[in-house]
Amino acid sequence: MYDYLINEYINRLTKDEIKNFAFVKGIELTNDETDIIYDYAKNHWRTFVHGNPRPLLDELKKKVNPLTYNKIESMYIEARNKYLN
């Protein structure tokens, strides 16, 4: 059930929503960073929810600003902990 809901949300997700969410969280994304995060969300959400995302996070770390990466990683950990509880 959760996978279906997440999948539907991800299918409707836009780059503007990513950029706006990041801005609300104090992260200013470049257009390139927005594109990268959008692609990771669209193509790898199952790994982030159910698998081991470490290799993906390591790739992402090389592609975005270090401050942006640190905030993304901490938000991911916080969201993952909420999801698991």
Side-chain angles (χ1 to χ4, degrees):
M1 173 73 167
Y2 289 118
D3 276 4
Y4 174 78
L5 295 174
I6 295 168
N7 187 54
E8 289 299 310
Y9 178 79
I10 293 293
N11 285 337
R12 292 182 177 105
L13 186 65
T14 67
K15 291 179 184 180
D16 285 338
E17 290 173 322
I18 289 173
K19 197 160 195 138
N20 291 336
F21 178 79
F23 183 77
V24 167
K25 295 294 186 175
I27 305 168
E28 283 195 51
L29 297 176
T30 65
N31 288 337
D32 287 341
E33 288 174 328
T34 302
D35 291 343
I36 291 165
I37 293 166
Y38 177 82
D39 289 339
Y40 273 73
K42 288 283 193 174
N43 297 313
H44 303 292
W45 71 265
R46 284 180 180 84
T47 301
F48 282 101
V49 172
H50 299 295
N52 175 13
R54 181 49 47 198
L56 295 172
L57 290 169
D58 290 343
E59 284 177 22
L60 190 58
K61 188 174 190 174
K62 297 173 187 172
K63 296 179 180 182
V64 299
N65 170 321
L67 182 58
T68 298
Y69 174 78
N70 289 337
K71 289 183 178 184
I72 288 171
E73 184 180 41
S74 66
M75 286 177 10
Y76 167 73
I77 291 168
E78 181 180 332
R80 175 92 186 215
N81 288 338
K82 284 182 184 178
Y83 176 78
L84 292 175
N85 290 329

What distance do [X] atom [atom1] and [Y] atom [atom2] have between them, rounded to the nearest 0.5 Å?
X     : Y     : atom1 : atom2 : value
Glu33 : Ile36 : CD    : CD1   : 7.0 Å
Tyr76 : Leu56 : OH    : CG    : 9.0 Å
Leu57 : Ile72 : CG    : CD1   : 9.0 Å
Glu8  : Asp3  : CD    : CG    : 11.5 Å
Thr30 : Asp32 : OG1   : CG    : 5.0 Å

(request) Examine the side chains of Asn11 and Lys42 and answer whether a donor and an acceptor come within less than 3.5 Å of each other. (result)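 Asn11 vs Lys42: no donor-acceptor pair found between side chains.
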
(request) Consider only side-chain N and O atoms of Tyr69 and Lys62, and report whether a donor and an acceptor are under 3.5 Å apart. (result) no

With hydrophobic residues grouped by side-chain heavy-atom distances under 4.5 Å, do [X] and [Y] end up in a single group?
X     : Y     : result
Phe23 : Met75 : no
Val24 : Ile37 : no
Phe21 : Leu67 : no

(request) Answer yes or no: are there more than 12 heavy-atom neighbours, outside Glu28 itself, under 6.0 Å from its atom CD? (result) no

(request) Give the ring-plane orientation class for His50 versus Trp45, where under 30° counts as parallel, over 60° as perpendicular and anything between as tilted. (result)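 His50 vs Trp45 ring planes: tilted.
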
If you look at every heavy atom in [X] and [Y], which pair is closest and at what distance?
X     : Y     : result
Ala41 : Leu13 : CB-CD2, 4.1 Å
Ile18 : Thr34 : CG2-CG2, 4.4 Å
Arg80 : Pro53 : NH1-CD, 4.4 Å
Leu29 : Lys19 : O-NZ, 3.0 Å

(message) My understanding is that only residues two or more places apart in sequence, or in another chain, count here; which of them pass side-chain hydrogen bond (donor to acceptor under 3.5 Å, both in side chains) with Lys15?
(response)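 Lys15 satisfies side-chain hydrogen bond (donor to acceptor under 3.5 Å, both in side chains) with Asp35 only.
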
(request) Go through the structure and list residues passing side-chain hydrogen bond (donor to acceptor under 3.5 Å, both in side chains) with His44, not counting sequence neighbours. (result) none

(message) Using salt bridge (charged side-chain N to carboxylate O under 4.0 Å, His left out), reason through Arg54 and Glu73 one step at a time and then give a plain yes or no.
(response) CA-CA 10 Å; Arg54 181 49 47 198; Glu73 184 180 41; 2.9 Å; yes

(request) Just jot down the side-chain contact (heavy atoms from CB on, under 4.5 Å) partners of Arg46, sequence neighbours excluded, or say none. (result) Asn7

(request) Answer whether the closest heavy-atom distance between the side chains of Ile6 and Val49 falls below 4.5 Å. (result)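 A side-chain contact exists here, since the closest heavy-atom pair is under 4.5 Å.
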
(request) For the residue pair Lys25 and Lys71, establish whether any side-chain heavy-atom pair is separated by less than 4.5 Å. (result)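 Answer no - side chains too far apart.
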
